Amino acid sequence: SERDRLKYIEMGAKKAVYYPNIYPIKEFESSVKDQLPSISIVSRGHWDLKAERSLEEIFKALSYSSRTIKVNVIGIKPKKFPKNIRLQHYEFIPSKLDYLKILSESWIGINIGFHMAGTNERKYDYAMSGLVVFSDTMGARGDLLPHEYTYVDSQDLAAKLEQLLQFGKEKIVEMGDQNRHQALSLAEKQREILLGAVNDIVMHES
């Protein structure tokens with residue numbers, strides 16, 4: 001991420017180039033958005049208790065809502081969830097194309113972060129799928145999306161989700177499209193910079 005590039009410069013690197021965890025798929029086309037307000041959450045089995053606690057916090061936030069909300073969870077299956085939630089669980093989706101299509105049905109992606117280095121791949125999977133992103137404080141690190149909102153606890157997440165949902169589906173879909181455009185633009189920009197740096201090295205050594 002840009003954050004890490006600056007850290008390398010601070011540590012004495014004369015030049016540092018990064019490529020974010022964005023992997024565009026040319027064949028990808030967004031699915032039709034769910035009619036209900038809908039959220040995707042991607043977790044990982046090896047996160048163990050951290051993932052379970054994060055899911056508990058998210059579902060606690062969703063329990064404050066009077067709305068019926070569809071939630072796609074990919075990874076760890078929640079042990080319990082509120083009555084206003086329509087849960088769709090996927091343990092694993094092997095195809096990246098299928099994965100992005102399923103994500104793109106949702107309006108919002110909730111991004112849980114567990115590592116301080118690099119860019120968060122889930123954040124950009126959500127963006128490429130045309131979702132508005134809500135990130136916890138660690139998941140928000142790195143680079144900027146036009147419509148990414150940071151939350152600090154379940155009450156903060158609940159308040160911000162409700163405020164977003166009041167915008168309505170059409171506006172939220174438009175915001176998600178802007179995130180997708182930004183992710184693809186960043187990927188192309190950094191690809192060109194990276195290729196330029198590699199060519200400079202090759203020319204220097206030849």
Side-chain angles (χ1 to χ4, degrees), residues 1-31 40-48 50-51 54 74-76 90 92-104 106 108-152 173-206:
S1 69
E2 177 64 12
R3 169 186 174 274
D4 293 312
R5 188 190 71 81
L6 295 172
K7 281 187 170 289
Y8 282 118
I9 296 293
E10 187 178 338
M11 289 188 292
K14 293 181 179 179
K15 186 175 182 180
V17 178
Y18 78 97
Y19 184 83
N21 279 325
I22 307 175
Y23 306 100
I25 297 178
K26 291 181 180 178
E27 314 92 274
F28 171 70
E29 292 184 7
S30 296
S31 301
S40 280
I41 308 166
V42 179
S43 64
R44 297 283 187 265
H46 62 272
W47 291 346
D48 299 324
K50 290 182 180 179
S54 294
I74 302 170
I76 292 177
Y90 304 87
F92 178 66
I93 302 171
S95 163
K96 182 80 173 188
L97 181 59
D98 291 342
Y99 167 70
L100 294 178
K101 284 182 176 179
I102 288 170
L103 290 181
S104 71
S106 294
I108 299 161
I110 298 184
N111 173 32
I112 307 165
F114 289 105
H115 304 290
M116 284 302 294
T119 7
N120 190 320
E121 185 177 356
R122 292 169 302 285
K123 165 176 166 171
Y124 284 117
D125 287 340
Y126 292 145
M128 276 198 303
S129 302
L131 277 61
V132 173
V133 178
F134 278 80
S135 294
D136 63 13
T137 51
M138 193 173 291
R141 74 187 187 280
D143 305 309
L144 184 66
L145 289 171
H147 298 289
E148 178 183 13
Y149 304 94
T150 306
Y151 67 92
V152 297
V173 169
E174 179 184 325
M175 294 162 73
D177 286 341
Q178 291 173 14
N179 276 352
R180 173 170 166 76
H181 176 74
Q182 173 62 20
L184 295 176
S185 296
L186 178 61
E188 181 58 25
K189 174 188 171 185
Q190 294 306 128
R191 187 184 74 87
E192 291 177 1
I193 292 172
L194 184 60
L195 287 175
V198 171
N199 287 335
D200 287 345
I201 293 169
V202 172
M203 293 295 291
H204 181 74
E205 292 182 348
S206 60

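On a predicted model such as this, the values are computed, not experimentally measured, just so you know.
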Correct closest heavy-atom pair for I102 and S40 would be O-OG, 4.5 Å
Any residue meeting side-chain contact (heavy atoms from CB on, under 4.5 Å) with R5, in chain and number order, not counting sequence neighbours: E2, I9, A16, Y18
Atom OG in S129, atom OH in Y99: separation rounded to 0.5 Å? 7.5 Å
I'd like to check the side-chain contact (heavy atoms from CB on, under 4.5 Å) partners of K189; sequence neighbours left out, ordered by chain and number. I193
Identify, with sequence neighbours excluded, every residue that meets side-chain hydrogen bond (donor to acceptor under 3.5 Å, both in side chains) alongside S31. S104
CG/N120 to CG/D136 distance, rounded to the nearest 0.5 angstrom? 8.5 Å
Quick check: closest heavy atoms across R122 and G113, and the distance to 0.1 Å? NH2-CA, 4.2 Å
Which distance, rounded to the nearest 0.5 Å, do you find between the CZ of R3 and the CG of L144? 15.0 Å
Can you measure from CG (L103) to CE (M128) and round to the nearest 0.5 angstrom? 9.0 Å
In short, D98 meets I93 closest at the heavy-atom pair CB-CG2, 3.9 Å
Would you compute the distance between atom CD1 of I22 and atom CD of Q190 and round it to the nearest 0.5 angstrom? 8.5 Å
Quick one: closest heavy-atom pair of A127 and A183, and the distance? CB-CB, 3.9 Å
If you round to the nearest 0.5 Å, how far is CG of N111 from OG of S54? 10.5 Å
Could you pull out all residues at least two apart from K15 that satisfy side-chain contact (heavy atoms from CB on, under 4.5 Å)? V17, D200
Whether the side chain of K123 engages the backbone of D143 through a donor-acceptor N/O pair (distance < 3.5 Å, no angle test) should be reported. yes
Neighbour count >12 (heavy atoms, 6.0 Å) for atom OH, Y19: yes
List the residues meeting ring-ring contact (aromatic ring centres under 6.0 Å, His included) with Y149, not counting sequence neighbours, and say none if there are none. F134
Please confirm whether the backbone N or O of H147 pairs with a side-chain atom of N179, one donor and one acceptor, at under 3.5 Å? yes
Closest heavy-atom pair and its distance - I112, I41: CD1-CG2, 4.0 Å
Can you list everything that forms a salt bridge (charged side-chain N to carboxylate O under 4.0 Å, His left out) with K96? Sequence neighbours excluded, please. E121, D125
Is there a donor-acceptor contact under 3.5 Å from the side chain of Y126 to the main chain of I110? yes
Would you say the side chain of L6 lies within less than 4.5 Å of the side chain of E10, judging by non-hydrogen atoms? no
With a 4.5 Å heavy-atom cut-off, do F92 and I74 have their side chains touching? no
